[in-house]
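Model, not experiment: these values are computed from the prediction. These numbers come from the heavy atoms of this one structure, side chains and all, not from hydrogens, waters or symmetry mates.
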Number of protein chains: 2
Amino acid sequence: MAHPQEDTLIAKQITPTAMRLLVLEVLQQQSAALSLADVEQLLGHADRITVHRTLKTFTDKGLVHRIEDGSGAVKFALCEPGCTPEHHQDLHVHFFCTQCRETSCLPAVAIPAIPLPSAFQVQETSLVLKGVCARCTSIA
Amino acid sequence: MAHPQEDTLIAKQITPTAMRLLVLEVLQQQSAALSLADVEQLLGHADRITVHRTLKTFTDKGLVHRIEDGSGAVKFALCEPGCTPEHHQDLHVHFFCTQCRETSCLPAVAIPAIPLPSAFQVQETSLVLKGVCARCTSIA
DNA sequence: GGGGCGATGCAATGGTATTGCATTGTTTCA
DNA sequence: TGAAACAATGCAATACCATTGCATCGCCCC
Ligand SMILES: [Mn+2]
Ligand SMILES: [Mn+2]
Ligand SMILES: [Zn+2]
Ligand SMILES: [Zn+2]
């Protein structure tokens with residue numbers, strides 16, 4: 001197989017297509033999380049709706065996770081290896097840089113346990129930090 | 001004065017107007033955070049844009065804080081007493097119920113310190129939990 | 001080769017946030 | 001008191017982002 005990404009898709013029960021391989025490749029090449037518009041632009045002239053449905057498929061299958069960073073557009077980033085659609089393991093912090101507007105996963109920074117009244121049933125936790133990222137700080 | 005809310009606005013350097021008093025009253029009466037559409041609906045037939053600008057003014061002056069809960073619309077809730085536009089004290093957790101779609105401030109649950117590499121300059125922290133709230137849990 | 005089914009692409013729609021601009025209301029000061 | 005100055009309001013228009021409908025395309029299996 002020419003595309004090493006094929007195995008990744010198949011492992012997640014996603015039928016490999018040309019478009020999906022391209023989107024996956026783009027996601028793997030970038031260190032920051034990407035919005036739909038980002039992916040569209042990086043791909044050249046791909047159809048936005050197809051990219052949208054590709055990202056939705058990836059999310060449903062546990063290949064990527066969504067990040068709501070407050071920028072107005074949802075960002076997407078590859079999941080960590082152990083993720084399944086049912087049990088996402090991406091309990092890490094996300095950082096949104098107000099200067100370069102890039103959002104990064106910080107897999108090394110785990111989300112601490114939050115002591116909640118037991119009447120609450122927590123399904124998902126999202127911890128987004130906003131500020132100036134390491135790169136922008138060093139430049140300034 | 002007939003409106004006890006007037007003092008609250010003046011204390012935050014906000015010129016009291018009829019619309020602003022009404023919006024503040026609505027925010028005080030509700031226990032959950034409100035979206036722009038929520039406020040508009042609760043007010044009857046107020047102009048949406050005016051409400052929008054009222055909430056923006058309130059936010060800029062440190063009277064309310066914005067909550068991005070991933071529902072698609074930003075929610076607004078009253079700040080804690082010590083808040084200023086520069087230094088928001090609302091370092092508490094927010095809970096979004098996927099069942100009733102209500103977002104609540106949990107002032108009692110503080111956000112723990114997040115150990116970040118020193119190269120990052122954190123300006124703001126947002127911790128949103130999603131799940132089923134206490135009320136919806138007890139009903140089910 | 002043809003049927004079946006998922007993927008694709010264009011068009012259209014829905015929802016939220018924001019801006020422009022004319023009007024209205026209020027304060028300030030001569 | 002009356003006009004200028006300024007702020008707030010309301011309607012219209014616009015900008016995005018996300019989502020859905022539907023016809024077509026492409027691939028796999030028979
Ligand atoms: Mn992540
Ligand atoms: Mn809050
Ligand atoms: Zn940056
Ligand atoms: Zn609920």
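Of the possible donor and acceptor atoms, none in the side chain of His65(B) sits under 3.5 Å from a partner among the backbone N and O of Phe76(B).
Side-chain contact between Thr17(B) and Leu9(B) is absent, with no heavy atoms from C-beta onward closer than 4.5 Å. Between Phe120(B) and Leu106(A), the closest side-chain pair of non-hydrogen atoms falls below 4.5 Å.
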- Task: If a protein heavy atom is under 4.0 Å from the base, mark B; if only from the sugar-phosphate, S; if neither, -; do that for nucleotides 16-22 of chain C going 5' to 3'.
- Result: SSBBB--
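Distance CG (Leu21(B)) to P (dT9(D)): 10 Å, rounded to an integer number of Å. Taking atom CD of residue Gln41(A) and atom C1' of nucleotide dC17(D), one finds them 15 Å apart after rounding to whole Å. Here the P atom of nucleotide dA18(D) and the CD atom of Glu68(A) are 10 Å apart, to the nearest Å. Look at CZ on Phe58(A): it is 11 Å from P on dA7(C), rounded to the nearest Å. Note: CE (Met19(B)) to P (dT23(C)) measures 20 Å, nearest angstrom.
Between Thr50(B) and dA8(D) there is no side-chain N or O to OP1 or OP2 distance below 4.0 Å. For dC27(D), neither phosphate oxygen OP1 nor OP2 lies less than 4.0 angstrom from any side-chain nitrogen or oxygen of Thr17(A). Note on Thr15(A): every side-chain N or O is 4.0 Å or more away from OP1 and OP2 of dG6(C).
Ionic pairing of Lys130(A) and Glu68(B) is present here: one or more N-O contacts between side-chain nitrogen and carboxylate oxygen are shorter than 4.0 angstrom. Contact check on Arg135(B) versus Glu102(B) returns a salt bridge, with a Lys/Arg side-chain nitrogen under 4.0 Å from an Asp/Glu carboxylate oxygen.
Closest non-hydrogen pair, Ala37(A) versus Arg48(A), comes out as CB-NH2, 4.1 Å.
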